[in-house]
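Let me begin by presenting the structure, written as structure tokens, before commenting on it.
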Amino acid sequence: MMEALTVRGPEKNMAASEETSAAIPRSGSASRLLATYRSEIALAVAILLIMGVVSFWSPQVFSYGNIANVAQSAAPLVIMALGVLLVIITSGIDLSVGSTFSLSGMVAGLAMSAGAAWPLACVAGLAVGIAVGAINGLLVTLLGLAPFVVTLITYAVGASLAFVITDGHSIALLDPTFYLLNGGQLIPGVTNYVMFCLLGTIAIELGLRKLVMGRWVYAVGSNDKASRLLGIPVNGIRAGVYVIAGLLAAFSSMLSLSYISNSEATSGANMMLQAIAACVIGGASLFGGTGSAVGAALGAIMITVIQNGVNLIGINSFWQGSVTGLVILVAVLIDRLAKVRA
Amino acid sequence: MSRSASTTFVLEATDIEKTFGATNVLQKARLRVARGEIHALLGGNGAGKSTLIRIVSGSLHRDAGAIQVSGQSNYDAGAIAVVFQELALLPDLTVAENICLPHRRDAFGRVDARHMRAQAARALAVIDPALIALLALPASRLDLHQRQLVEIARALSSGAQLILLDEPTANLTFADSERLFTALRRLTQQGISILLVSHRMSEIRTVADVCTILRDGKSVVDRRPLAEISDEEIVRAMMGEGREKATAPAGAAAPATSGGVTLGLAKDRLALTLAPGSVLGLAGAPEGPAGVIAALIGSASHPAWSITVNGEPRRFRSPADAIRSGVGYVSGDRAEKGVLATLPIVDNLAAAGRVARKRWLVSSGEVQDALGALKRLAIKANSLYALPQTLSGGTQQKLLIARWLDLAPKILVLEEPTRGVDIGTKREIYNIIGVVAAAGSIVVWWSTEFSELAQTCDHVIAFDLHGAISGLLKQDEITEVAMTRATGMAA
Amino acid sequence: MISYLKRGVCLAATALCVSALALGAAKAGDKKYTVAVIMPSLDISYWQWVAYGAKTKAAALGMNYMELDSHNSPTEQMSNIKTAITKGANAIVIGPVSSTSTPPVLRFLKEQKVPIAFTGIGPQPGQTDYTSSVTANNEESGKAEGKFVCQLAKERGGAKVGMLSLPQDRENAQKYLRGAQAAFKEGGCDLVQILQTKGLTVREAVDEANDLLTAHPDITAIYGMYDEAATGAAKVLQTRNLVGKIGVVTADGSPTTVKLLRDGVIQGLFLQEAGGQGIEATQQVYNALTGKPTVKEMPLTEPLVTAKDVGSPEAQAKLKRVYPPSAGQY
């Protein structure tokens, strides 16, 4: 059937097909990988550059200890940003992740102080994350409310519940083995927080690239109407990304709890904007349809590196927001430039 | 209308060059429009028409070349005005305010209402004195064709001598198109020139005096009176040598679709059964065809049409249900209903297959399939991983059709598939329709161009302006005249 | 925009609370006095404890009690005052959003002839129309804490100290810092870095303490200005095996820092008597209502509790004036 569809003269057709196949590199080739991850590589270089600038004032920035600190401090943000990324790719937004972080931390903290073993307490915390995500997803898909409005509601309710359940008191976590979640080594030689970040980033990246579901996440964000007409389960995808975002926010909270061993009702307050910023720095568009897990993870690391740098240099921390804002501006401009060139 | 060079050119653009990256979009392009003529600018998708228009109207810089307006190279940008397909009136302002928008304030930012109304009335009177009655209405109350005329009036009031119209009749009824043409002729009598971009041959023949044809950025036909050039010559000029052979039907070699179906469609008193290989046309104002299409592709929650497949009643509950039952769907509204703009070409091609075959993983076979599909439809793409926006509109349309061909759909539903597509690509699409039908699929398609329905269909359901069924035409009854009569729309 | 909306949501919540409280007040009858406690932000445990102190004292004095949250907004603070008066409050105990936000409040309450006592933050200098101002003496406390920190640093063989500060746009933070700087100068200690928090979370303090120790590995004592600062610093010292080698002192006091003190991870705690402020302020407005003498200025010192004396009866009594038993152990 298909041969007959050729609509041009034979010579022209040959020429066209040669042109087409010659211009398309083999999949998996190094050059294509480089092309695909161009902005992520640029981001990694930018992070090193920032550290290089900081090292003028504070050479300790490249010390093993400092890098380990930055990594450990960035880990929860990386995990949270991965969830937020999925929502942003579908052209949604999740303002509730910070509250989810606080609330799930408080629930897990309460469970632990009530005598539950820490893995059980963490399961309870994760359940809270899934529940918040499910509420977000259902309100967005079934009621058709705008994601901004829905997650604003769950943000407000979540933040208030985090206070309600413990009357605003913070909880010190005394279980001596709880640190293992963050600081242990399930894989010998690799501390867990590093492993979780790597695993999470690779899993989401591969999921987005290699699973049909992952491609649909982009499709939904790219063109909702066309996706529906193509029979893509748009509502399922939309609801799903909020659930994953909630789950990852809760897991991020568990990871942080295990490190800090103290649960507070305001712990996630400023993480939501940082997570969104991480995605944007990493090349995601708030209009949806674009973004990568590697980019979001690097974005989260960059934000943490800036905080670390500002402190190491000794700039008044009031300036931290301005520096972060400037870096986001530069990152977005570079990304824009790279896309124009492409 | 004489071809001799004269000094009365309102627009004379010569040797215009423009490159984007590595592509030479315009190479020594030439466009000369004389005072008081209706000039058709023709060319395939990607020939450089829109780039040339943007350069002439001053919204894009040229790399080289000269532009003179009425013999002046230093001209007022207001002398050339463009009326785009997407109209740019502010819906809540009145007609008078819209017309005077570009210059309605004095040096102190004040608005003189009486002066403004007088100015707007003068501009409207040039087009049609009857329009002055609209002055105080908000723009949102006007119908489409009135809005176009108001835009033209706005251009006139800011001193336009040349008005560029980009596919002005795409969404107009027959009667309104006639009214527009009358208005355009009246303008030419006042010395105003019109540059018209259209893909509708009959319309160009009716209204235009002269044509310029672009191909690959060059003016292959420079100012020829339409009376002197045949349709065949125009097509050949647009497509280049050899390409016009595409019109030959090419169904013989097509393998039969596995298990072709008979499709029954019924609504009100109409009941129609289509055998495998039928091509059903839908003609008329959007509401009517939209009902049939929604029922077939599973997007209607309460379909107005009842469907039978192989005699069994069938209701498609969702697009996924329809797709898995062998219904393919392509819309001419590419941006809204078709293209996944931020996904690479390969994903756009594989999307339908992933749904139909319930795939979980992105398989490497998809790349091969995509390459094959591009090759079969002779789609030129730099890379499978490029974004669809790197392709021209017509090529994107072929991409959307290519999405389905590997799946051999039992029913292929096309919604204005030739909208905004050049004549060459249109012919390729007719060809594809023929081939798909010859393979045993049923093709259901809606078009606003009756000539193409007449060319390809064996059944046509016509709808009137309110979306009610106004006739069923079969075989020899399918003519442009019959469809125009039944639908009240222009061909 | 988010804080805007957050404020809206909070407003609605406040309105609900107020109407619920009003119902309660109506039930209780008219003969009792009602005290309204208006706190700048009940997110912060310090203000919860001030309110708790006021509540227990009000109960002891047989007064009705209502509690309103201003969410750090002067506008909301003013509307809270008016709501409280409308709902029949006879006296106000306030933790103002800021000193500068107080003149209109005082003007309004003077018209209404309602007594008001301040807790935590005092009125704008020059204002006189209030019953009492029960505050901590931040500058003196800063000086005392600075002296103690400097002493700890020297005991550990150094003279460099770092500070984990509250945001320096706050008046109490500026006073603490001024006092501490004076003490460092006197004691010959060098304040090498001040890091300011934004969110007052332990998480943030941990990051800051880490950065502080990375940038200045040679410091031997840390001045904490709030509980979470010390909690974060303690966490970092534990991770780095530096407990005891670097001294940590903080202001405020909470079950978490008391535990750290008992464990010897931090060395000193300058108690800000949150509960005590609520208790004293409530007593003062009660006195005003019943015609008893009142004390206009009541600057409470911040007593030091050290790792060594935390178990003593005196220290235990002081701790009880900081936070309620429901918050945790003393």
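These numbers were taken from a predicted model, which means no experiment stands behind them.
Between chain A and the residues B:A320, B:A351, B:G372, the largest count of heavy-atom pairs under 4.5 Å involves B:A320. Of the residues considered (A:L230, A:T36, A:L211), A:L230 shows the highest number of contacts with chain B, using heavy-atom pairs under 4.5 Å. Ranked by heavy-atom pairs under 4.5 Å with chain A, the first of B:R324, B:R403, B:R334 is B:R403. Chain B forms the most heavy-atom pairs under 4.5 Å with one residue out of A:M213, A:R228, A:R215, A:R209, and that residue is A:R215.
Across B:V435, B:V436, B:I429, B:N431, a single residue satisfies side-chain contact (heavy atoms from CB on, under 4.5 Å) together with B:I433, and that is B:I429.
Of the two parts of B:S318, neither the backbone nor the side chain holds a non-hydrogen atom closer than 4.5 Å to a non-hydrogen atom of chain A. Both the backbone and the side chain of B:L361 come within contact range of chain A, each with at least one heavy atom under 4.5 Å from a heavy atom of that chain. B:A373 does not touch chain A: none of its heavy atoms, backbone or side chain, sits under 4.5 Å away.
Closest approach of B:W446 to B:L282, counting heavy atoms only: CD1-O, 3.1 Å.
Note that CD1 of A:I89 and SG of A:C279 are 8.0 Å apart. Values are rounded to the nearest 0.5 Å.
Residues B:I307 and B:L296 have side chains in contact (heavy-atom distance under 4.5 Å, counting atoms from C-beta outward).
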Exercise. Verify side-chain hydrogen bond (donor to acceptor under 3.5 Å, both in side chains) between B:Q397 and B:T425, making sure each step is shown before the conclusion.
Key: CA-CA 9 Å; B:Q397 191 70 65; B:T425 308; over 6 Å; no
Output side-chain donor-acceptor pairs under 3.5 Å for residues 135-150 of chain A, partner residues at least two apart or in another chain, one line each.
unit_1, atom_1, unit_2, atom_2, d
A:N136, OD1, A:T154, OG1, 2.7
A:N136, ND2, A:S96, OG, 3.0
A:T141, OG1, A:G137, O, 2.7

